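What you see is a predicted model; the values in this text were computed from it and never measured.
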Protein chains: 2
Amino acid sequence: MTEELYKNQAKSVIARALAVLGAFDVEHPLLTLSQLARRAGLPVATVYRLAGELEDGRFLDRDGAGRYGLGVRLWEMGLLTPVHGGLRETAMPFLLNLHYECGETVQLAVCEGTDAIYIEKLTSEVSVPVKSRVGAHIPLHATGVGKALLAFSSDAFIDAILTMPLKAYTPSTLTERRALSRQLNQIAQRGYAQSDAEYQLGATSIAAPVVVRGTVKAAIGIVNYSARDDLAQYVPALLRATNGLALRLEEVEGTAYPSLSGLE
Amino acid sequence: MTEELYKNQAKSVIARALAVLGAFDVEHPLLTLSQLARRAGLPVATVYRLAGELEDGRFLDRDGAGRYGLGVRLWEMGLLTPVHGGLRETAMPFLLNLHYECGETVQLAVCEGTDAIYIEKLTSEVSVPVKSRVGAHIPLHATGVGKALLAFSSDAFIDAILTMPLKAYTPSTLTERRALSRQLNQIAQRGYAQSDAEYQLGATSIAAPVVVRGTVKAAIGIVNYSARDDLAQYVPALLRATNGLALRLEEVEGTAYPSLSGLE
DNA sequence: AGTATTCTTTTCATTGAATGAAAAGAATAC
DNA sequence: GTATTCTTTTCATTCAATGAAAAGAATACT
């Protein structure tokens with residue numbers, strides 16, 4: 001009698017509903033009811049009901065075959081998120097210009113917890129395929145944008161990251177605290193970061209932080225194949241983009257997210 | 001005793017939770033607890049609890065001042081939505097190339113119910129400011145992309161739209177069924193749509209549909225000021241983009257959304 | 001400083017909404 | 001034609017959601 005108790009882990013309705021939504025991922029963007037139930041770890045009947053309500057709220061959609069997928073509403077709300085509405089939207093023109101100027105893949109990333117996360121990536125048909133995906137979490141210590149973000153963070157945060165195990169993604173990944181720490185200082189002085197095959201073999205990048213009022217808000221990076229080591233030529237363009245964005249962010253601060261959104 | 005009953009409109013927990021999330025919009029991306037409660041139409045204590053759980057699930061975030069905003073999780077999930085993961089991601093390189101070729105504002109839109117909705121908009125610092133916002137709903141009968149979407153839809157759908165009241169946004173908006181119907185035929189024959197100041201004064205556009213296996217999946221548009229009436233020159237580039245995207249979508253069909261996502 | 005107002009957090013007795021096993025109904029595979 | 005897997009509906013039980021109320025903070029007003 002004591003053993004069966006562990007079955008129900010006393011979740012609230014909302015936790016269950018979020019578990020249902022969380023059942024979707026890049027590999028599973030469309031699920032049947034039973035798949036959904038299995039992946040959410042909930043009884044079919046329960047998921048049936050919850051999914052029905054989420055569908056009413058347009059957080060879920062069903063395709064012709066009856067399979068569930070995340071709904072447009074969810075996408076629309078994502079646009080209201082600070083990272084999107086506040087940052088990406090403002091950054092876009094700068095990213096486009098940069099992309100236009102150098103023709104290489106351009107990335108925008110922010111800190112999210114102990115990782116960096118890609119907010120936007122511009123790749124044209126001509127530029128090099130990079131495996132990074134918008135929304136993907138990437139390590140702070142092993143990528144150009146990651147190191148740019150880290151180098152301009154608070155000492156406390158840097159220390160915290162340095163204390164964590166630094167995973168080696170390639171033979172070139174910096175896994176030693178001392179070495180990484182030294183390089184972060186260099187980056188802070190020079191104003192931009194470099195990375196060569198530290199995360200993905202064959203890819204080089206340069207990246208610079210977007211600093212608003214002393215705080216790193218984001219980083220912009222340029223990536224291409226290691227073979228072509230001419231990225232340095234784009235440093236001025238890169239810095240023009242990051243500085244331009246920083247100024248713009250300072251300007252619109254509060255506008256997009258009115259500090260006091262008035263009555264009602 | 002009978003009169004007080006109407007107070008609680010018998011909503012489910014989920015409906016309430018979604019109401020909380022729905023309280024945010026473009027004008028109100030950040031809200032205090034009491035604002036949130038007021039806008040959601042729920043008691044403060046209830047919202048306090050619901051918001052807490054949503055925060056646990058990272059669907060809500062609180063800023064330094066304690067104000068609530070939509071969380072990163074929500075944005076991440078939006079990326080998994082078919083319109084984003086399936087369409088925008090694939091379309092992006094084509095949009096970038098088009099934007100690169102013509103230098104004007106480029107838009108991607110799809111049908112959503114009886115409206116069109118902007119999925120992406122590319123504007124560089126140099127190009128003209130257009131008020132359209134990604135995620136915004138726009139009428140099918142009064143914009144370039146809208147008409148492009150409509151002209152290639154099923155007759156049943158066209159009829160349904162033509163039966164609805166056609167709102168006039170400017171003096172140039174087509175509000176007469178006959179005229180609109182005739183123009184849709186023209187568009188279907190010619191392969192692309194035009195629009196001049198029909199939705200927003202001073203803005204002209206051309207737009208073409210993305211047709212995969214006989215079905216319109218999206219439309220791409222180019223917008224600039226009415227003064228410059230040289231948009232026609234970009235028609236070949238536009239069609240190259242829409243056709244290229246159509247082919248690509250046909251190729252990846254099923255890949256991004258595996259019909260049978262295997263076991264588990 | 002002192003009072004008033006508005007906002008956030010916690011508590012708790014009450015109840016009604018969420019639950020999920022079970023069975024019926026579809027669809028698909030064998 | 002039978003078996004298997006999936007979807008939908010039902011319903012008695014119970015447990016989790018509820019929101020009024022009060023305490024605790026913070027902010028505005030005089």
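Checking each of B:I187, B:I158, B:L184 against B:F152 for a side chain to side chain contact (heavy atoms under 4.5 Å, CB included) leaves exactly one that passes, namely B:I187. Checked against B:L54 for a side chain to side chain contact (heavy atoms under 4.5 Å, CB included), the options B:L74, B:L18, B:L21 give a single hit: B:L21. Just one of A:I220, A:L245, A:I119 meets the side chain to side chain contact (heavy atoms under 4.5 Å, CB included) condition when paired with A:L95; it is A:I220.
The shortest heavy-atom contact between B:A148 and B:P209 is O-CB, 3.9 Å. Summarising the geometry of A:L87 relative to A:K217, their closest heavy-atom pair is CD2-O, 4.4 Å, with the distance given to 0.1 Å.
For B:V13, the side-chain atoms get nearest to C:dA18 when compared with the rest of C:dA18, C:dC7, D:dC6.
Rounded to the nearest 0.5 Å, atoms CG (A:L150) and NE2 (A:H141) are 10.0 Å apart.
For B:R177, there are no side-chain hydrogen bond (donor to acceptor under 3.5 Å, both in side chains) partners at least two apart in sequence or on another chain. Qualifying side-chain hydrogen bond (donor to acceptor under 3.5 Å, both in side chains) partners for B:E120, counting only residues two or more places apart in sequence or in other chains: A:R88, B:R88. For A:D56, there are no salt bridge (charged side-chain N to carboxylate O under 4.0 Å, His left out) partners two or more places apart in sequence or in a different chain.
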Quiz item: How would nucleotides 23-29 of chain D be written as a contact map, 5' to 3', with B for base contact, S for sugar-phosphate-only contact and - for no contact, using protein heavy atoms under 4.0 Å?
Solution: -------
Quiz prompt | Contact state string [nucleotides 8-14 of chain C, B base, S sugar-phosphate only, - no protein heavy atom under 4.0 Å] | solution = SBB----
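Annotated stems with DNA chain C as a participant read C:1-30 with D:1-30, given as range with range, by first number; only runs of 3 or more Watson-Crick or G-U pairs under 3.5 Å qualify.
If you take CD1 of A:I14 and P of C:dT19, they are 11 Å apart, rounded to a whole angstrom. Atom CZ in A:R16 sits about 12 Å away from atom P in D:dC15, given to the nearest Å.
At a threshold of 4.0 angstrom between heavy atoms, the contacts of A:L50 are confined to the sugar-phosphate backbone, with no base atom among them.
Residue A:T46 places none of its side-chain N or O atoms closer than 4.0 Å to OP1 or OP2 of C:dT19.
Seen from the ring of A:F59, A:R73 does not count as a face-on cation partner, given the 6.0 Å and 45° thresholds.
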